[in-house]
Structures are given as C-alpha cells and as structure tokens.
Amino acid sequence: MTQVFNFSAGPAMISKPVLEKAQSELLNWLGQGTSVMEVSHRGKLFMEMITECDKDLRQLFNVPDNYKILFLQGGARGQFAAVPMNLIGAKGKALYLNSGHWSGMAAKEARNFCELDEISIVDKDENGVISVNRTDFSDIAEQYDYVHYCTNETITGVQIKEIPKVGNAVLVADMSSDIMSKPVDISKFGLIYAGAQKNLGPAGITLVIVREDLIGHACQATPSIWNYETQANSDSMINTPPTFAWYLCALVFKQMLAEGGLEIYAKRNEKKAALLYSYLEQSQFYRNYIAVANRSVMNVTFSTDNDELNAKFVAEAAEAGLQALKGHKVLGGMRASIYNAMPIEGVEALIAFMKKFEAENA
Ligand SMILES: *Cc1c(COP(=O)(O)O)cnc(C)c1O
C-alpha cells in the first residue's frame, strides 16, 4: 500500500502512536481482560483515567484553576444551543461575530434561544480576497451577556489570530478546528468549546472549558445533558459518556505532552502552513483567496481557475495517497486540513504532487 496522508477536515487524522496504543490495549485494557469500551464509566479505572485526562489537559493547554473542563456530547452544534441556554442572563442579549459558515450557523441556532445582534466581520475585495475587518468590540461588548466568535472557519480557512477585544464582557469561542494547535491565554475567555474530531480525537465527544462563575445560571428549560452545572457536578456523566472517544482523547493529550506540548505543536503547525502558502503564493496555477493575516494554519484552501481541473486534482491526488482534498461543498476547490496530527512529510508530499499536477496541466 502506498503511504497515505489524510487531509480530511473532520473527522480527521489521529496520530499513529495514539492509534497504535489504542490497538495494543483494545482487547485488554489495564489488565482487565476487556476493552475500555466494556467497563463502567463509574468504575475505579475509568474514573482514574478521566482524572488524569483532566490533569493532562490542564497542563497541556494551561487551563487556569477557576475553569471547569467538561466532556459532553452533541458536538459543536450542540454547543451552539447550549451556550445561549446557559449564558443568557440579565442583559438578555448576545453578540455574534460572523466570519463565515460556522459562526453564522452558531448565530442561527442561538436565535432559537435568545435575542442577539450579529455583525459580519469579514470583507471580500474586488479580487475575491477575504479578510477580517474588525476585532475590537470593546465599545459595544458590555451591553451583551456574551460575545461569540469562531477562531477558525474550517470551510474557507479564515483564522482570527488575535483574540477579539471585548472589555469586561464574556468572550465565547468555537475553537473546533484550531483548538490546541498553539498555546492560548484561556483567561481571556469565558468559555471555549470544540468538537473533538478535528484536533483532539474521534467524533462523538465535545470539549467545553468554562469559567466557574458562568456555571449555574442556565435557563429553566435547559436539558440536563447540556446544563454546565449538572454536568460539572457529575464529572460530565449525567448520562453515560462516550467512553471510547474520551479514552482516545486522553491518549492524544498524553502523546502531545510526551512530544513537548503546545509550543512544539505551534512551531510545527506554522512551519507546515508556511510551506504550503509560500508554494501557493509563487504559483500562477493555484490560488488561495484569504488575506495573509487571516490565512488558517489548519485548513488551507486553494483552487485552480477551472472546476474540472479541481475535480481531476482531487481524484489524482487520492490515487497518489493524498486523501480527502476536496473542498467543502459550499465553497468548491480544494482544502488541505493540516491539523496537529499531520506530519510535515504529508505537506511535503502534497506540494510535490501539486508541482507535478501543475506541470502536467498548466
Ligand atoms: C466541524 C465544526 C463544527 C461542527 O462540529 P460538530 O461537532 O459536527 O457539531 C462547528 N464549528 C466549527 C468551527 C467546525 O469546524
């Protein structure tokens, strides 16, 4: 079999040492003679595993002591609803910053639960180049119970690299597609959430990191599985958690710590993205439509000027072992998702293929 590199946007690549560890333990977890999937989530060994997972994540992501870490279900979309249900309070209104598809979806869902104002923060210039035009909301933010934004728009590849200024307002971030790709000052946020299937592990589990003072104010109708208070008070186990997904995330955190933590990953991620963008910059054949300041380090979008060539590119790349390069259906073109687990060799192989394809088709 040819070496395969998987550029899927999500569920995405999981690093080989993690999968190998899971494989080695699959039939016999910690000497129990069963898999981790078949034991009680309330049992001693599973509880020890999640306690260590919490500790590892705190160390890795530098989570302050006054934040709770929850592992929930329902994906990032579940949080689109859970956030307003839990955080709408005295002011009765939230501010949503729209930088693309996912932040727009978050606002759309939140409208079912609260009043909100939505501001578009991206511009498209005459050449089709997208840029973020505003990150300072300190003049208006404090009229709202919280301000929501998406750090990395997975579909277009628009990343907001500086934390928006919101004065003393509560800042909420959907970090689904760039969480733990670099160190972040968590104290600037009231709440961070992310579906696991891009950068943390498999689908089926959702990470929520929430400041303690924001817990306990959910509106009456909030389902207990999405109430941060009930979940925080029951170790994220108000119902049976997705135990195998949780276990895999715990293995990912251990692996990341063993490799030296987020600074190492940040450097590696910057290097991978720089390689790809500098190739795109000099090419007359491929184009990326994101302003330099907002180019995503995780999702690199590009296309030729011809849909048929794009389809040919995706098909031939897959044959060469470079999988899942088709862009999202709302955008077309190509997208290379180069999350934490993607080694630099994957990016190098992609660039070599792009050169060859350009030479053959330009
Ligand atoms: C993938 C993604 C989502 C949707 O996640 P689900 O877990 O499928 O609900 C939301 N926001 C962003 C930024 C994403 O990348």
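Order of listing sets the numbers, starting from 1, for every ligand and every atom in it. Predicted model only: the values in this text are computed from it and were never measured. Values below: every heavy atom of this structure, side chains too, minus hydrogens, waters and symmetry copies.
Nearest protein neighbour of atom 14 (C) of ligand 1, counting heavy atoms only, is Lys198 NZ, 2.9 Å. Taking atom 11 (N) of ligand 1 as the reference point, the nearest protein heavy-atom neighbour is Asp174 OD2, 2.6 Å. The protein heavy-atom contact nearest to atom 15 (O) of ligand 1 is Thr154 OG1, 2.4 Å. Annotation: atom 5 (O) of ligand 1 to nearest protein heavy atom, Ala76 CB, 3.4 Å. The protein non-hydrogen atom at the shortest distance from atom 8 (O) of ligand 1 is Gln197 NE2, 3.4 Å. The protein heavy atom nearest to atom 9 (O) of ligand 1 is Arg77 N, 2.9 Å.
Proximity of Ile155 to ligand 1 is not established, as no heavy-atom distance is less than 4.0 Å.
There is no side-chain donor-acceptor pair under 3.5 Å between Gln159 and Thr151.
Between Phe285 and Phe313, the gap from one ring centroid to the other reaches at least 6.0 Å. Checked against the 6.0 Å centroid threshold, Phe46 and Tyr247 do not count as a close aromatic pair.
Annotation for Lys161: atom NZ counts as buried by contact number, over 12 foreign heavy atoms lying within 6.0 Å.
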Might you work through the side-chain hydrogen bond (donor to acceptor under 3.5 Å, both in side chains) test for Ser35 and Glu38, ending with a clear yes or no? CA-CA 6 Å; Ser35 78; Glu38 303 161 287; 2.7 Å; yes
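With a 4.0 Å heavy-atom cut-off, ligand 1 is reached by no atom of Thr206. Only the side chain of Cys150 comes within 4.0 Å of ligand 1, counting heavy atoms alone; its backbone N, CA, C and O stay farther away.
Of all the atoms in ligand 1, the ones that sit under 4.0 Å from a non-hydrogen atom of Asn152 are 13 (C). Within the listing of ligand 1, atoms 7 (O), 9 (O) sit less than 4.0 angstrom from a heavy atom of Gly75.
Here Asn361 contributes atom CG and Thr304 contributes atom OG1; the two are 8.5 Å apart, rounded to the nearest 0.5 Å.
Of all heavy-atom pairs between Leu191 and Tyr228, the closest is CD1-CE1, 3.5 Å.
We find that Arg211 and Asp65 are not joined by a salt bridge, their nearest charged nitrogen and carboxylate oxygen being 4.0 Å or further apart.
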